[in-house]
Amino acid sequence: GNGGVARALIAIRGNTVGRTGLKGYGSGISAAYGCQAVIEGNTITDASGGVWVYSDSTALVRGNTITQSAVEAEGIHVFRQGQATVEGNIIQGTPTKGIWVSESGTQATTERNRVSGCSGDGVLIETGAEATSISANTIGQCQGNGVYIRGAGTVAGDIVTNTVGDCAQCGVWVHESARAGDIADNAASGSSWPAVALCMGAAAGDIVRNSVSGCQGGVLVAAGSTAGTIGDNSIAQSSENAVVVCGSEVGAVEMNTIT
C-alpha cells in the first residue's frame, strides 16, 4: 500500500520515507479522497512513487526531495481530479516522469522545480488535465521531453522562464490537439529534437523571447497546428532548420536572431 499518509491530513512535513510499494504500487506520501494537505520538506528515496495527489484532494507540494524511485514510478503525480501547487521540489533519477499531471478535472501549477535524470519527460501534462502555469522550472538530462503537453482536452497556461538542457527529445512539445498559452522566455540547449514543437493539431499563443542553443532545431509548427507570433527568439547552432512552419498557421515570424 502507500508508505506515507492518506486521508484527512493537514500537514505532512519533514519526513524521511524509504522504499515503499514493494508490490509495485503505492507512493511515499499520498493526499487522497478529498483531503487538503501541505506536503513539505520531505525526503523520499526508492519509493514506487514519490508524492501522489488524487481523488478530489487539494495539496501544496513544496520543497520535497525525491530520488531514484525503485520501480516504474514518477516523482510527483496529480490525477483523478486532484488539484495541486507543485513548487520548489527536487526530483532526481526517477525511472519514468518527473512531474505528471493527468486525467480530466485534474489541475496543477508547476513552478520552480528542479528535475534531472528522469527516464521519461521532465513535466508531462496529458489526458485532459490542466496546468494553469509551468514556469521557472529547471529540467535536465531527461530521456524524454523537458515539458510535454499532449492529447485533446489537455490545456496548459503560459510556459515561461523554464530552463531545459540536454534532454533526448524536445525542450517544450505541445502535441495531439493539446492547447497552451504563450511559450516565452525559456532557455533550451542540447535537445536532440527541436527546442519548441507544436504538432498534430496543437495550438499555442506566442512563441517569443526564447533562447535556443545546440538543439536539432529552434521552433517547429507542423501538421495542422496553430500559433501566434514566432518572434524575438535567439536560435544558435541548430543542426537542422531554425524555424519551420509546415501545414500549419502562425500569426507572424519576425525579429528572430539565427546564428
Side-chain angles (χ1 to χ4, degrees), residues 2-5 9 11-21 26-31 37-54 57-79 82-102 108-125 131-148 156 159-169 171-172 186-191:
N2 295 327
V5 196
L9 291 173
I12 309 171
R13 289 193 177 102
N15 300 285
T16 299
V17 181
R19 194 171 185 185
T20 64
S27 64
I29 296 172
S30 292
V38 175
I39 302 171
E40 183 175 36
N42 303 283
T43 299
I44 302 169
T45 305
D46 287 340
S48 60
V51 175
W52 290 355
V53 180
Y54 65 105
S57 296
T58 302
L60 170 62
V61 183
R62 180 172 65 195
N64 302 283
T65 299
I66 301 166
T67 59
Q68 199 170 359
S69 297
V71 295
E72 288 285 320
E74 63 290 329
I76 296 170
H77 192 187
V78 187
F79 61 112
Q83 297 189 27
T85 298
V86 180
E87 64 177 34
N89 301 282
I90 298 172
I91 302 169
Q92 298 174 323
T94 55
T96 60
K97 286 78 65 176
I99 298 169
W100 184 17
V101 183
S102 65
T109 297
T110 303
E111 298 177 344
R112 298 187 300 280
N113 301 285
R114 299 181 66 87
V115 181
S116 63
C118 297
S119 296
D121 304 306
V123 176
L124 171 61
I125 316 297
T132 51
S133 72
I134 300 171
S135 65
N137 301 286
T138 300
I139 302 166
Q141 298 179 323
C142 292
Q143 295 305 304
N145 304 280
V147 177
Y148 189 18
I159 303 171
V160 296
T161 63
N162 301 284
T163 300
V164 180
D166 298 319
C167 288
Q169 297 182 8
V172 177
N186 302 286
S189 62
S191 294

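Residues take their numbers from the sequence shown, with the count starting at 1.
Under the side-chain contact (heavy atoms from CB on, under 4.5 Å) rule, S133 has a single partner from I159, T85, T109, which is T109.
Scanning for side-chain contact (heavy atoms from CB on, under 4.5 Å) contacts around E40 gives R13, V38, R62, with sequence neighbours left out.
Summarising the geometry, atom CD belonging to E111 is positioned 10.5 Å from atom CD1 belonging to I134; distances are rounded to the nearest 0.5 Å. With values rounded to the nearest 0.5 angstrom, E74 atom CD is found 8.5 Å from S48 atom OG. Interatomic distance, CG of L124 versus SG of C142, reported as 11.5 Å (0.5 Å rounding). Note that CD of Q92 and SG of C118 are 9.0 Å apart. Values are rounded to the nearest 0.5 Å.
The shortest side-chain heavy-atom distance between V51 and I44 falls under the 4.5 Å cut-off. A 4.5 Å side-chain heavy-atom check between I76 and I66 finds at least one atom pair inside the cut-off. You'll find the side chain of E87 reaches within 4.5 Å of the side chain of L60, heavy atoms only. The shortest distance between side-chain heavy atoms of N89 and V61 falls below 4.5 Å.
Considering all non-hydrogen atoms of both residues, P95 and S119 come closest at O-CB, 2.9 Å. In terms of heavy atoms, V78 sits closest to A84 at CG2-CB, 3.8 Å. Minimum interatomic distance between A47 and A73 (heavy atoms only, all atoms of both residues): O-CB, 4.4 Å. Nearest heavy atoms, G122 versus I139: CA-CG2, 3.9 Å. The two residues V53 and Q83 make their nearest non-hydrogen contact at CG1-O, 3.8 Å. When all heavy atoms are compared, the tightest approach of I39 to A31 is CD1-CB, 4.2 Å.
One N or O on the side chain of T161 and one on the backbone of A136 form a donor-acceptor pair closer than 3.5 Å. Under the 3.5 Å distance criterion, the side-chain polar atoms of N64 are matched with a main-chain donor or acceptor of G41. Using a distance-only test at 3.5 Å, with no hydrogens or angles considered, no donor-acceptor pair links the side chain of N186 to the main chain of V164. For the pair D166 (side chain) and G140 (backbone), a donor-acceptor distance under 3.5 Å is absent. The backbone N or O of V17 sits nowhere less than 3.5 Å from a side-chain atom of N42 that would complete a donor-acceptor pair. Proximity of a side-chain donor or acceptor of N113 to a complementary backbone N or O of V86 within less than 3.5 Å is detected.
Ring-plane geometry between H77 and W100 is classed as parallel, the angle between the planes falling under 30 degrees on a 0 to 90 degree scale with a further cut at 60.
Judged as a salt bridge (charged side-chain N to carboxylate O under 4.0 Å, His left out), not a single pair has a partner in residues 114-125 (not counting sequence neighbours).
In this model, no donor atom of one side chain and acceptor atom of the other lie less than 3.5 Å apart for T16 and T43.
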